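Below, chains carry the letters A, B, ... as their sequence lines are ordered, and counting in each starts from 1. Source: prediction; values computed, not measured.
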Number of protein chains: 2
Amino acid sequence: MKENKGIDSFQYMKDYELERIFPVEFRKKMRVYSFHKGDLLFTTGQMLNELYFLVEGKIKIYTLTPEGKSLINRFKRPLGVIGDVEYVKGSPVINSVEAVSDGVMLAATFTDLKVLEANHPPFTRFLLETVAHKFYTESQATSLHMLYPVEVRLASYLLSISSDGEGTLFHQEMRTENLTELAEWVGTSYRHLNRVLKRMNAGDIIERLNGSIKIKDLEKLRHLANGNIYE
Amino acid sequence: MKENKGIDSFQYMKDYELERIFPVEFRKKMRVYSFHKGDLLFTTGQMLNELYFLVEGKIKIYTLTPEGKSLINRFKRPLGVIGDVEYVKGSPVINSVEAVSDGVMLAATFTDLKVLEANHPPFTRFLLETVAHKFYTESQATSLHMLYPVEVRLASYLLSISSDGEGTLFHQEMRTENLTELAEWVGTSYRHLNRVLKRMNAGDIIERLNGSIKIKDLEKLRHLANGNIYE
DNA sequence: AGAGGGAAAGGACATATGTCCTTTCCGGAA
DNA sequence: TTCCGGAAAGGACATATGTCCTTTCCCTCT
């Protein structure tokens, strides 16, 4: 990730309604960074001195254990805030962050932000809402993970990414970029994920074609997920 | 839980440094409730209209599944804040709350708080710090739960409650109020907890006497916990 | 078309954890 | 002291999940 002065940060701030929380003078102090797919953006334990706003692209937040196991905590798309908890607590980075696609982030230093907070309450309020939402999501996820088997979590996941707006609800097709990643997301091993997928396949709940997963029976899936849904 | 006008809320506010976040005029609007051991204080799904401050006693926050399984998310002692996320998000209560002992809570209505926020930034800041810390803790717990077996979580728990301040570190004795509760806390079944305890016992890591657990080998325990520790 | 590499699928076996019961133990009520 | 009930301990068996490998499949490059 590196600074990119050629990008118009003001447009992004307008698009994502950051103007309300950042006064004009403040906006000028912010920096713009761009990154590429696969970049390791932040690492557990590292100290931050800037708060970041994801305004373009997709990133994933994950935990690495000393033994090398990895668990994806969540994905983020614009508008995502990175480093909020670290800013408030003054603690080192909790989870590692990796770019899933190319993207852009805006940044403001902690020092500037502290000054801003002193004169501009809306920013603190914004942070509060952000963190509250993160907590809420995390809390739901914890319960889901602790109380139900992989099958249920997988069903929830499939439901949450199947855009169920229209009537063309059925036979949704969603190519999983990568089964390994999916496994890390639901918090299980690749092997086991495969096993559960096979079971769902046998139960005519989904259909697997060339590595893609097609939902065949939304009702059964809902029944499996048992009311649980991500986010 | 019921209102108790006989209790001096001002003393509590002084003790827990709430005076900084609540101006004098505001303090008068706050109510005091007392509750008894075993009281069900809040239930999942319920709507709140007050924010609570635990100033006396101990409570537990837990999740109940439709199937009746239960998972303890955390315990709280003074000063604990209850309803912060619900206040910010305007959402129904996430987890149920039960009194573990008799206790006292102060309360302020959401309506009053919104007015307060508009004129008194320190309160918003306080909430932000509270929620950030909750998120941090929750996040650690999630990783621990997802990535390690019960044995590790149990070791972490035992370490976290063994006050390791003095030199009398060894042979700490801590009577688990209740093994069932401990099981819900580490997120496993009573049976399995028992099994793991037995294994630790056989490994001379702990010693079980009349339902109490005595730590025999702190080093082994640390090794098991593998650097993970609650809170 | 042929070769090679990485992801997908799955077999075999071990471990972790859950469920259902039965047996012990211990402290309080009679 | 005796009896009883709830909590502690643990046996037996089923299920969930992990680990280590091997086999298939595609896709791409040559």
Side-chain angles (χ1 to χ4, degrees), chain A residues 37-38 65-72 100 144-157 173-203 206-214 224-226 228, chain B residues 37-38 65 67-72 100 143-158 173-203 205-214 224-226 228:
Chain A
K37 175 173 180 169
T65 71
E67 300 83 27
K69 279 192 282 190
S70 119
L71 167 68
I72 298 179
V100 173
L144 186 57
H145 282 149
M146 297 285 300
L147 295 166
Y148 298 98
V150 169
E151 191 165 38
V152 176
R153 310 208 291 273
L154 180 58
S156 302
Y157 166 75
E173 191 166 7
M174 55 194 108
R175 176 167 289 275
T176 37
E177 344 64 26
N178 187 303
L179 277 191
T180 306
E181 200 170 71
L182 179 51
E184 287 171 4
W185 171 248
V186 296
T188 190
S189 64
Y190 183 99
R191 180 64 189 91
H192 190 57
L193 170 63
N194 221 325
R195 195 151 30 205
V196 175
L197 281 172
K198 182 175 187 178
R199 209 185 307 152
M200 286 186 169
N201 197 347
I206 61 169
E207 196 175 344
R208 306 171 84 181
L209 297 169
N210 300 352
S212 81
I213 300 170
K214 197 184 270 190
L224 258 187
N226 193 237
N228 298 98
Chain B
K37 175 172 180 169
T65 72
E67 300 82 28
K69 278 192 284 190
S70 121
L71 167 69
I72 298 180
V100 173
S143 302
L144 185 57
H145 282 148
M146 296 284 301
L147 295 165
Y148 298 98
V150 169
E151 190 164 40
V152 176
R153 310 207 291 273
L154 180 58
S156 302
Y157 166 76
L158 290 176
E173 190 166 10
M174 54 195 108
R175 176 167 288 274
T176 36
E177 344 65 26
N178 186 304
L179 277 192
T180 305
E181 200 171 72
L182 179 50
E184 287 170 4
W185 171 248
V186 296
T188 189
S189 63
Y190 182 98
R191 179 65 189 90
H192 190 57
L193 170 64
N194 220 325
R195 192 149 34 203
V196 175
L197 281 173
K198 181 177 187 176
R199 209 186 305 153
M200 286 184 167
N201 197 346
I205 299 172
I206 60 169
E207 195 176 346
R208 306 172 83 180
L209 297 170
N210 300 352
S212 81
I213 299 171
K214 197 184 270 190
L224 258 188
N226 193 237
N228 298 98

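When every heavy atom of B:Gly187 is checked against every heavy atom of B:Leu71, the shortest pair comes out as CA-CD1, 3.8 Å. Summarising the geometry of B:Met146 relative to A:Val186, their closest heavy-atom pair is CE-O, 4.0 Å, with the distance given to 0.1 Å.
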Every protein N/O lying under 3.5 Å from an N/O of nucleotides 22-24 of chain C:
none

Extract from the structure each pairing of a protein N or O with an N or O of nucleotides 11-21 of chain D at less than 3.5 Å, listing the distance.
{"residue": "D:dG11", "atom": "N7", "partner": "B:Arg191", "partner atom": "NE", "Å": "3.4"}
{"residue": "D:dG11", "atom": "N7", "partner": "B:Arg191", "partner atom": "NH2", "Å": "2.9"}
{"residue": "D:dG11", "atom": "O6", "partner": "B:Arg191", "partner atom": "NE", "Å": "2.7"}
{"residue": "D:dT17", "atom": "OP1", "partner": "A:Val150", "partner atom": "N", "Å": "3.1"}
{"residue": "D:dT17", "atom": "OP2", "partner": "A:Val150", "partner atom": "N", "Å": "3.4"}
{"residue": "D:dT17", "atom": "OP2", "partner": "A:His192", "partner atom": "NE2", "Å": "3.0"}
{"residue": "D:dT17", "atom": "O5'", "partner": "A:His192", "partner atom": "NE2", "Å": "3.3"}
{"residue": "D:dG18", "atom": "OP2", "partner": "A:Thr188", "partner atom": "OG1", "Å": "2.4"}
{"residue": "D:dG18", "atom": "OP2", "partner": "A:Ser189", "partner atom": "N", "Å": "3.0"}
{"residue": "D:dG18", "atom": "OP2", "partner": "A:Ser189", "partner atom": "OG", "Å": "3.1"}
{"residue": "D:dG18", "atom": "N7", "partner": "A:Arg195", "partner atom": "NH2", "Å": "2.8"}
{"residue": "D:dG18", "atom": "O6", "partner": "A:Arg195", "partner atom": "NH1", "Å": "3.0"}
{"residue": "D:dG18", "atom": "O6", "partner": "A:Arg195", "partner atom": "NH2", "Å": "3.3"}

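Taking the side chain as every heavy atom from C-beta outward, A:Leu197 and A:Asn201 never approach each other to under 4.5 Å. Within the 4.5 Å cutoff, no side-chain heavy atoms of B:Ile213 are placed close to those of B:Met200. Looking only at side-chain heavy atoms (C-beta outward), A:Arg208 and A:Asn194 come within less than 4.5 Å of each other. Taking the side chain as every heavy atom from C-beta outward, A:Val196 and A:Thr188 never approach each other to under 4.5 Å.
For the pair B:Glu184 CD and D:dA7 P, the interatomic distance rounds to 12 Å; values are reported in whole Å. Atom CE in A:Met200 sits roughly 18 Å away from atom C1' in C:dA8 (whole-Å rounding). When the P atom of C:dA8 is taken as reference, atom CD of A:Glu181 falls 11 Å away, rounded to whole Å. When the C1' atom of C:dC26 is taken as reference, atom CG of B:Leu179 falls 14 Å away, rounded to whole Å.
In this structure, B:Lys37 places its NZ atom where only 12 or fewer heavy-atom neighbours from other residues, nucleotides or ligands lie under 6.0 Å away.
Between B:Arg208 and D:dG10, a side-chain N or O to OP1/OP2 separation shorter than 4.0 Å is present.
Annotation: the span from B:Leu154 atom CG to B:Leu182 atom CG amounts to 6.0 Å, rounded to 0.5 Å.
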